[in-house]
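Here's the structure, in structure tokens; my notes come after.
Only this structure's heavy atoms are used, side chains among them; waters, hydrogens and symmetry mates stay out. Not measured: the values here are computed from a predicted model.
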Amino acid sequence: MKRQTFVFKIAVLISILAILAACASKGNGGQQANNAPETNNAQEANNGAEAKETDYPAKNIELIVPFNAGGVSDILARSFVEASTGIINQPITVKNVDGASGTVGNYQLVQAKPDGYTWLWASTGHISSSLHITPAQYTRDDFTVVNKVGEMVVAIVVPKDSPFQTLDDYIKYAKENPGKLTVGNPGEGTVVALLARLLEDKAGIQLQHVPYQGSGPLLPSVLGNHVMSAFMNVPEVRGQVESGELRALAVLSEKRVDQLPDVPTAEEQGIEGLAGGAGHYIVIPNNVPEEVVRKIDELTKAVYESDKFKELMEQAGYQLGYKNSADALKELDEWYETTGELYKKLGMIK
């Protein structure tokens, strides 16, 4: 009897152990089942992140213009926004942030969240040359240049009755009469004024620089022979050149401009490296995801190439000239180095 009782207890114990093993096995299976949804959730999260980049933009974009409304940069930026309709599927809001030669707006851009939804309509001066002489709360390494839009090309113009028919005539006179050839510019330290200084350096001449408070008062001055020549943006003098009131001796660009196709570049006339102007760029904060940066480049380039934007830029006398990030940055770096040397020669920096 005792033996039967013992066997019975053993049998019960074995049954209990079997049940526990089955539960443990089921428990492990349950754990695997719970892990599977977690893995799927992680994949869905990753896919969501990829979709978020692929579907960019998914909300409104803010475009900072670091100058007051109504200026050249503002007009160009708003033309870009107008032309972007139907190409960029989200609205773009222009935000004017004036102050300190553009550096206040730039600083807002630098501090913006790096999600690709804050852009800056930047120009050559305030992200390159002016950083030599204008205090800023950022460096040239604190933002990302997506691409170049184009530039406001500078021309050397003289009154219609000027004895200078070519750039060679101009330079020859300056060499024979050091410091006597007057040249007006829209303001000391501007990109336009720096190009006049660069001509001096390249040609080995000495000019008499006459700065004005902008192009408004400069234009009638050169038309009225108050200065013998002027460095001005092509759109500002195009009408007078076409009507014969002014003569353009050269355009300071890598190639001839569409607005004045008959006017040769300075390089065509033997002055190498005399090219520059108020270039414009799309700039974003650092650390924006690479896929988003590529998308911004793709979308903005499509706007530049649109018939609508080309029409608006033709009306504005603006020279389109897309450059990718690497080429645009190289151009800005070269201008920074060139102007740094010029500022040193002028005694404006050490």
- Task: Measure the acute angle between the ring planes of Phe80 and Trp121, then classify it against the limits of 30° and 60° as parallel, tilted or perpendicular.
- Result: tilted

So does [Y] get a backbone contact from the side chain of [X], meaning a donor-acceptor N/O pair under 3.5 Å?
X	Y	result
His209	Val183	no
Ser221	Pro217	no
Thr339	Leu342	no
Ser253	Arg256	no
Ser243	Gln240	yes
Gln319	Met152	no
Ser215	Leu218	no
Ser229	Val158	no
Thr265	Glu268	yes
Thr124	Gly279	yes

- May I ask you to check if Lys59 and Tyr117 form a cation-pi contact, with NZ or CZ under 6.0 angstrom from the six-membered ring centre and within 45° of the axis? yes

To the nearest 0.5 Å, how far apart are [atom1] in [X] and [atom2] in [Y]?
X	Y	atom1	atom2	value
Tyr212	Asn185	OH	CG	9.5 Å
Tyr170	Leu249	OH	CG	7.5 Å
Asn106	Leu120	CG	CG	5.0 Å
His280	Ile127	NE2	CD1	9.5 Å
Tyr138	Thr103	OH	OG1	5.0 Å

Salt bridge between [X] and [Y], side-chain N to carboxylate O under 4.0 Å?
X	Y	value
Arg140	Asp333	yes
Arg197	Glu188	yes
Glu314	Lys310	no
Glu331	Lys323	yes
Asp74	Arg78	yes
Glu242	Arg238	yes
Asp327	Lys148	no

Any non-hydrogen side-chain atom of [X] less than 4.5 Å from a side-chain atom of [Y]?
X	Y	answer
Ile284	Thr118	no
Val149	Tyr304	yes
Arg247	Pro159	no
Tyr318	Val234	no
Ser123	Phe67	yes
Leu167	Ile156	yes
Leu63	Thr93	no

Heavy atoms only: give me the nearest [X]-[Y] pair and the separation to one decimal.
X	Y	answer
Asp169	Pro163	OD2-O, 4.2 Å
Gly116	Val292	CA-CG1, 4.0 Å
Asp115	Tyr56	O-CE1, 4.2 Å
Leu219	Glu236	CD2-O, 3.8 Å
Ser129	Val191	OG-CG2, 4.2 Å

Between the side chains of [X] and [Y], does any donor sit under 3.5 Å from an acceptor?
X	Y	answer
Asn147	Asp297	yes
Asn286	Thr144	yes
Gln206	Lys180	no

- When you look at Lys301 and Glu305, which way does the salt bridge (Lys or Arg N to Asp or Glu O under 4.0 Å) test go after all the steps? CA-CA 6 Å; Lys301 186 171 185 282; Glu305 294 175 347; 2.7 Å; yes

Counting only heavy atoms not in [X], do more than 12 fall under 6.0 Å of its [atom1]?
X	atom1	result
Glu272	CD	no
Gln90	CD	yes
Asp307	CG	no

